[in-house]
Amino acid sequence: MQKLKEEVGRLLASRTSLEPAEVIQLLEIPPEPTYGDLAFPCFALAKSRKKAPPLIAKELSEELGGEEGLLWEKAVSRGPYLNFFIAPRAFGREVLQEVWDKGDKYGHADIGRGGNVPIDYSSPNIAKPFGVGHIRSTVIGHSLSLIYSALGYNTIGINHLGDWGTQFGKLIVSYKRWGDDSELKEDPVNYLYKLYVQFHKLVEEDPALDDEARYWFRKLENGDEEAVDYWNRFRQLSLDNYELIYNMLGIEFDYYHGESHYNQMLEEVIKLVQEKGIATESEGALMIDLEPYGLPSVMLRKKDGATLYITRDLAAAIYRYKTFNFALSLYVVGAEQTLHFQQLFKVLELLGFEWSSRCVHVPFGLIRFKEGRMSTRAGKIILLEEVLKRSIDMAREIIEEKNPDLPDKESAARAVGLGAVRFGDLSNDRIKNIEFDWEKALDFSGETAAYIQYAHARIFSILRKAGTEYTRWDDSAASLLIKEEEVTLIKTLALLPDKILASAENYRPSILARYLIDVAREFNRFYHNCPVLSSEDELKHGRLLLVNATRQVIANGLALLGIIAPEEM
RNA sequence: GCGCCCGUGGUGAAAGGGAUAUCACGCAGGCCUCCGGAGCCUGAAGUCGGGGUUCGAAUCCCUGCGGGCGCACCA
């Protein structure tokens, strides 16, 4: 597709006042394939030519006459658009060859040139169980890190654990008062969670508990041995539990730099802020006035001397810049923290860090129950681990029913079950709130990962039967594909590089996810209309090249979503 | 009170200011002597209301309504 765009870009640049790059920018895909395959909208020329766009389109098409290019065969005007029709044989050969040559790297690019991109994602709060709510940050962040890596960036996954803060005071108080060693050993995270929920229930009757919790958190900040011991224990037990889920999802972080990691840098940050003269004392607390910028002011240090979330985030941002000299720094964190990040980035700017503009908050909507928001405090939560396990169970049942002879049912069930959950989250626009629904979470029909995986498995089935006879490149075979379903599929395959790029630029893996649905759909149409194995020699070879290219596109795409493409299911 | 986000067929979603608004679930019907029917084909049904900007608005602006989120001692 890029080659076609470049060709059209050069062609139109030579006939208009525009540069090739400008033309390429303007090119779009027509809404209806019968209009053409690549459209040049003539609105941009209306001013300089002082003519109506439809007239310009008409003139351009007449100028081109019956001309044809390498990859296109005709150009016709339709309203204000000049529409190019691809030359199916040349275009098909071109696309298939590119996929063939690039293989696993088809769709990848090197726009990043090795620049560092730290991505802050997942970041659960210690001592709270890993709920479905955490899946969003986890899978969106993971997918973005895979996508940016494919574009030549050096991504750095950072799990910014919530391992510091007043909740530890609460936990210590609870554990000291009511804690039970054997219960803790048996099921650490759930037990800690139980204590946490209980604390919030009891605090309603006894508000003094809150003071006690703050007191213990201050002790922790001051390095009190007893407090630190508790903290270490709670933290490690939680980490062991998260490990399980990350293993299931195939996620590895480069760093587990939780909030506690920045403790020794906080003094320095506060000193810096004071030196810059942007901080003020107010009722014993240290504040930065952001009113002039239309934002609520922030507090860096409480009157009791304890620091806050934003103080640590400030330290973390500066640390990341010093350590990684990043090209881009992403924060995959819920939309409810949008204001916090606006404040954070503004403070960085006020500190004179030009790189503050390279910090990006990637927000997403929250997951809700029908009855309302999930609340960890109230104890209303669904564990992610449970969702994943049930999804795998469901997939196993379906495999048992539809494909009982499958040799390795377990890995297929994992691929499909885990894929369904991930895809369910990745395929929708991240900014919208999601209502959690077991039925939808465990759905394998329609626009789901299973649909894409099924196409992939079918392809493998065909390729297995075809044997090795056709596993070589052949120019003339690749030029034979001119049936409608073949051409449409080829055109779809040609879009992968654009889609990966758009996913990165918009921080939206959903663009790639939806595209893969299109690929699978076009493949299924092709499959139902164009027999492969029973075709005669050269056409069979050509179709096998197309089938193989489709396999490659699906595999490359799913890989960037962190979803396994099974050979059988 | 102030600020931010979201309103698209019955339901869930897509649509870089552009052409006749695209899918899926569900519903009604059809397709396996044929490469895997977790599939394919056909059909009914939609841009929250009102103003504006523009040659052109689901998209941008204003306003109303509905829903969500946030706003100095939580994270």
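All values reported here derive from a predicted model rather than from experimental measurement. Protein chains get the first letters and strands the later ones, always in sequence-line order, with residue 1 at the start of each.
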Side-chain ion pair, [X] and [Y], N-O less than 4.0 Å:
| X | Y | value |
| --- | --- | --- |
| A/Asp393 | A/Arg390 | no |
| A/Glu221 | A/Arg218 | no |
| A/Lys170 | A/Glu212 | no |

Determine the contact category for [X]: base if any of its heavy atoms lies under 4.0 Å from a base atom, sugar-phosphate if only primed atoms, P, OP1 or OP2 are that close, otherwise nothing.
| X | value |
| --- | --- |
| A/Glu259 | sugar-phosphate |
| A/Pro41 | nothing |
| A/Glu568 | base |
| A/Tyr451 | sugar-phosphate |
| A/Cys42 | nothing |
| A/Ala52 | nothing |
| A/Asn83 | base |
| A/Lys303 | base |
| A/Pro363 | nothing |

Picking from [options], which would you name as closest to the side chain of [X]?
| X | options | result |
| --- | --- | --- |
| A/Tyr35 | B/A38, B/A19, B/G37 | B/A19 |
| A/Ile399 | B/A38, B/G68, B/A15 | B/A38 |
| A/Arg521 | B/G36, B/C41, B/A24 | B/A24 |
| A/Ile462 | B/C35, B/C6, B/C73 | B/C35 |
| A/Tyr454 | B/G39, B/A24, B/C73 | B/G39 |
| A/Arg458 | B/C35, B/G36, B/A75 | B/G36 |
| A/Lys302 | B/A75, B/C74, B/C5 | B/C74 |

Comparing A/Ser297 and A/Glu447 on RNA chain B - which has the more 5′ nearest nucleotide: A/Glu447
Name the residue closer to the 5' end of RNA chain B, choosing between A/Ala395 and A/Gly165 according to the nucleotide with the nearest heavy atom. A/Ala395
Report the base-pairing partner of [N] (Watson-Crick or G-U wobble, both distances below 3.5 angstrom), or none.
| N | value |
| --- | --- |
| B/C71 | B/G1 |
| B/A19 | none |
| B/U54 | none |
| B/C40 | B/G30 |

Is there a donor in the side chain of A/Arg312 and an acceptor in the side chain of A/Tyr262, or the other way round, less than 3.5 Å apart? no
Report the glycosidic orientation of B/A72: syn if within 90° of 0, anti in every other case. syn
Is the glycosidic torsion of B/C32 within 90° of 0, making it syn, or is it anti?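 In terms of base orientation relative to the sugar, B/C32 is syn.
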Residue-level proximity of residues 414-425 of chain A to RNA chain B when a heavy atom falls under 4.0 Å: none
At under 4.0 Å, does any side-chain N or O of [X] touch on OP1 or OP2 of [N]?
| X | N | value |
| --- | --- | --- |
| A/Lys432 | B/G12 | no |
| A/Asn524 | B/C40 | yes |
| A/Arg508 | B/A15 | yes |
| A/Tyr527 | B/C34 | no |
| A/Arg214 | B/C74 | yes |

Parallel, tilted or perpendicular: rings of [Y] and [X] (30°, 60°):
| X | Y | result |
| --- | --- | --- |
| A/His541 | A/Tyr470 | perpendicular |
| A/Tyr331 | A/Phe345 | tilted |
| A/His134 | A/Phe130 | tilted |

A/Gln343 side-chain N/O to A/Pro296 backbone N/O, donor-acceptor pair under 3.5 Å: yes
Only one of A/Met287, A/Lys303, A/Gln274 forms a side-chain contact (heavy atoms from CB on, under 4.5 Å) with A/Glu281, so which one is it?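 The side-chain contact (heavy atoms from CB on, under 4.5 Å) with A/Glu281 is passed solely by A/Gln274 among A/Met287, A/Lys303, A/Gln274.
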For A/Leu308 and B/C71, give me the distance from atom CG to atom P, rounded to whole Å.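 Nearest whole value for this atom pair: 12 Å.
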Heavy-atom count around A/Tyr256 OH within 6.0 Å, excluding the residue itself: above 12?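 Yes.
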Between B/A24 and B/A44, how far is it from one P atom to the other, in whole Å? 14 Å
When the C1' atoms of B/G12 and B/G70 are considered, how many whole Å apart are they?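 The answer is 27 Å between these two C1' atoms.
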